[in-house]
Amino acid sequence: MTIRLYDTSARQIRDFTPLTPGCVSIYLCGATVQAAPHIGHIRSGLNFDIMRRWFAYRGYDVTFIRNVTDIDDKIIAKGADQGRPWWSIGYENERAFNSGYDALGCLPPTYEPRATGHVPEMIEMMRGLIERGHAYEADGSVYFDVRSFPGYLELSNQDIDDLRQPAEDGITGKRDPRDFAMWKATKPGEPDWETPWGRGRPGWHLECSAMAHKYLGSAFDIHGGGLDLIFPHHENEIAQAKAFGDDFAKYWVHNAWVTMAGEKMSKSLGNSVLVSEMVKNWRPIVLRYYLGTPHYRSMIEYSEESLREAESAFARIEGFIQRATEKAGTTVAPADEVPPAFAEAMDDDLGVPHALAIIHTTVRQGNSALAADDKDEAIARLAEVRAMLGVLGLDPLDPQWAEESGGGEELHGVVDTLVRLVLQQRESARERKDWATADAIRDQLSHSGLVIEDSPDGPRWTLGNR
């Protein structure tokens, strides 16, 4: 068994060999909390949640760090615009992110450090970089000298002479326009902290280098994040950490975006779909299926039509689970092991689409067993399906979804009672051969979003497409 991952720095899929046998350490660039999360933000957390679950299934002891960037230019600007403390903006949106992660079934990280809680570690790193000749102070700010680090831009495969970094407002004293700020000198009305070089606040890139060092040490296995972070953020993290003396990350793994009309989903473009709004209209487990089942390196073009297709596909899986559980007469536990073909797909760069195809094939086999009244075969397939879904965080019978299914249980019971009254009327119409009335009742229920299935045990209903 060897897990293989696409390593951005190597530009190829590589066998994963952990630094410490039996353990895996992962640092994921988490939320910058200037606004509530859209589904593109949550996709990254979800993709790495699946990675974490697969490593755990394969027997690894996983340390998973997902940071919170709770201080940056946009957070400060938003606080000023709204007449609110900057930290209240950050805290409000940090809670919104965690609500989104929780709603879509992401496991909590091992640690979730905030940038503002790690200023001493940042000062230590800057001091070391200045002493080694890789950084310098100017006008109260501290800059990284990019030409002092020979490996700069190897991750993004750029030429430093062609590099054009965006200008940073109010930044003065750079020796080279491509040098980046690790620490920004204080400005009136902005938050600041004391340092040996004067009062100021952290730069974005320094935060992650310092926090990764604190929680994972000088070397760790996997650094993750979205494609948009490769440059400048991850490139600058590497420069700071390695110039400081760390080996830093052994593998770099990046997830693709959620797009709308071909554009990356973002607040600035005004094309974002907030998680808080999505969960009002779609079941969270369906959103997880929609965002988590494409390959993590492939773009997702958002549309309601594709979401409806995901809902329909997941309904077929749920329908089998419901019918097979009824046939078993009790809750069937997940199998101890997933099928070999599923494991092979997941080992190959987290090949969730291929793994999902194995799930649907197993569901079809289970449905055939149900149709043949083969209880043992149906139960065996059910156990396999639950095991595979569990790895993806998609098992509807898992306690993590108890609030979704159980929290609505009372309402489900009320709806079930009402639907059964209507179905009794339909059965009465069928008994007196009033087919027109029976069909009209069925059509009306269908228009209401319910699917009626006639079985040997009587009619049953499930939620269908919207």
Side-chain angles (χ1 to χ4, degrees), residues 1-30 44-68 101 106-114 117-118 120-122 124-125 128 151 154-155 205-225 229-230 233-235 237-255 296-297 336-338 343-352 390-393:
M1 175 275 296
T2 301
I3 295 176
R4 307 175 72 233
L5 295 171
Y6 183 86
D7 180 6
T8 304
S9 61
R11 294 172 187 82
Q12 63 180 349
I13 294 176
R14 297 173 56 201
D15 289 351
F16 176 75
T17 304
L19 291 168
T20 302
C23 299
V24 58
S25 47
I26 304 171
Y27 185 93
L28 173 63
C29 283
S44 180
L46 201 161
N47 286 153
F48 285 91
D49 180 67
I50 293 173
M51 173 191 283
R52 174 197 187 166
R53 288 170 183 264
W54 184 245
F55 274 116
Y57 174 83
R58 280 306 200 188
Y60 286 90
D61 181 7
V62 182
T63 300
F64 181 62
I65 311 299
R66 186 182 68 208
N67 78 292
V68 176
Y101 291 133
C106 294
L107 300 172
T110 310
Y111 305 110
E112 191 168 28
R114 295 189 183 103
H118 297 80
E121 289 82 2
M122 298 179 206
E124 178 186 357
M125 184 166 278
E154 287 182 356
L155 181 69
H205 316 301
L206 179 64
E207 298 170 350
C208 283
S209 296
M211 287 186 285
H213 179 89
K214 178 178 178 64
Y215 292 94
L216 297 176
S218 61
F220 57 96
D221 292 305
I222 298 170
H223 196 311
L229 299 182
I230 294 175
H233 186 49
H234 288 167
E235 199 74 77
E237 278 188 68
I238 292 171
Q240 291 164 152
K242 291 195 171 183
F244 182 69
D246 289 354
D247 288 332
F248 211 48
K250 187 176 180 182
Y251 300 85
W252 286 85
V253 179
H254 293 91
N255 65 277
Y296 74 91
R297 289 194 287 120
D336 292 335
E337 295 184 359
V338 299
E344 183 180 349
M346 292 298 291
D347 283 340
D348 187 13
D349 196 27
L350 304 176
V352 176
V391 166
L392 302 178

Check whether any side-chain heavy atom of Cys29 lies under 4.5 Å from a side-chain heavy atom of His223, and answer yes or no.
yes
Ring-face cation contact, Tyr6 with Arg297, 6.0 Å cut, 45° max:
yes
Could you pull out every donor-acceptor pair under 3.5 Å between side chains of residues 16-23 and any protein atom, sequence neighbours left out?
none

With rounding to the nearest 0.5 angstrom, report the OG to OH distance, Ser9 to Tyr251.
9.5 Å
So Phe64 and Asp49, do their side chains get closer than 4.5 Å, heavy atoms only?
no
Step through the shown structure and confirm whether more than 12 heavy atoms of other residues, nucleotides or ligands are within 6.0 Å of CD on Glu344.
no
If you define the side chain from C-beta out and look only at heavy atoms, does anything of Thr110 sit under 4.5 Å from Arg52?
yes
Would you say the side chain of Pro109 lies within less than 4.5 Å of the side chain of Ile65, judging by non-hydrogen atoms?
no
So Lys214 and Pro113, do their side chains get closer than 4.5 Å, heavy atoms only?
no
Do the ring planes of His254 and Trp252 sit parallel (below 30°), tilted (30 to 60°) or perpendicular (above 60°)?
parallel
Would you list the pairs meeting salt bridge (Lys or Arg N to Asp or Glu O under 4.0 Å) in which at least one residue belongs to residues 12-26, sequence neighbours left out?
Arg4-Asp15, Asp7-Arg14
When you check the side-chain N and O atoms of Asp221 and Ser25, is any donor under 3.5 Å from an acceptor?
yes
So which heavy atom on Ala241 is nearest to which on Phe248, and how close?
CB-CD1, 3.3 Å
Are the side chains of Met51 and Leu5 in touch, meaning some heavy atoms are under 4.5 Å apart?
yes
Let me confirm one number: the SG-CG distance from Cys208 to Leu229, rounded to the nearest 0.5 Å.
8.5 Å
Answer whether the closest heavy-atom distance between the side chains of Leu392 and Arg53 falls below 4.5 Å.
no
Phe220 CZ to Tyr215 OH distance, which is reported to the nearest 0.5 Å:
14.0 Å
Can you list, pair by pair, the side-chain donor-acceptor contacts under 3.5 Å of residues 55-63, counting residues two or more places apart and other chains?
from: Tyr57; atom 1: OH; to: Val338; atom 2: N; distance (Å): 2.9
from: Arg58; atom 1: NE; to: Asp347; atom 2: OD1; distance (Å): 3.2
from: Arg58; atom 1: NH2; to: Asp347; atom 2: OD2; distance (Å): 2.6

Do Glu207 and His118 have side chains that get closer than 4.5 Å, going by heavy atoms?
no
Kindly compute the distance separating CD (Glu154) from CD (Glu235), expressed to the nearest 0.5 Å.
8.0 Å
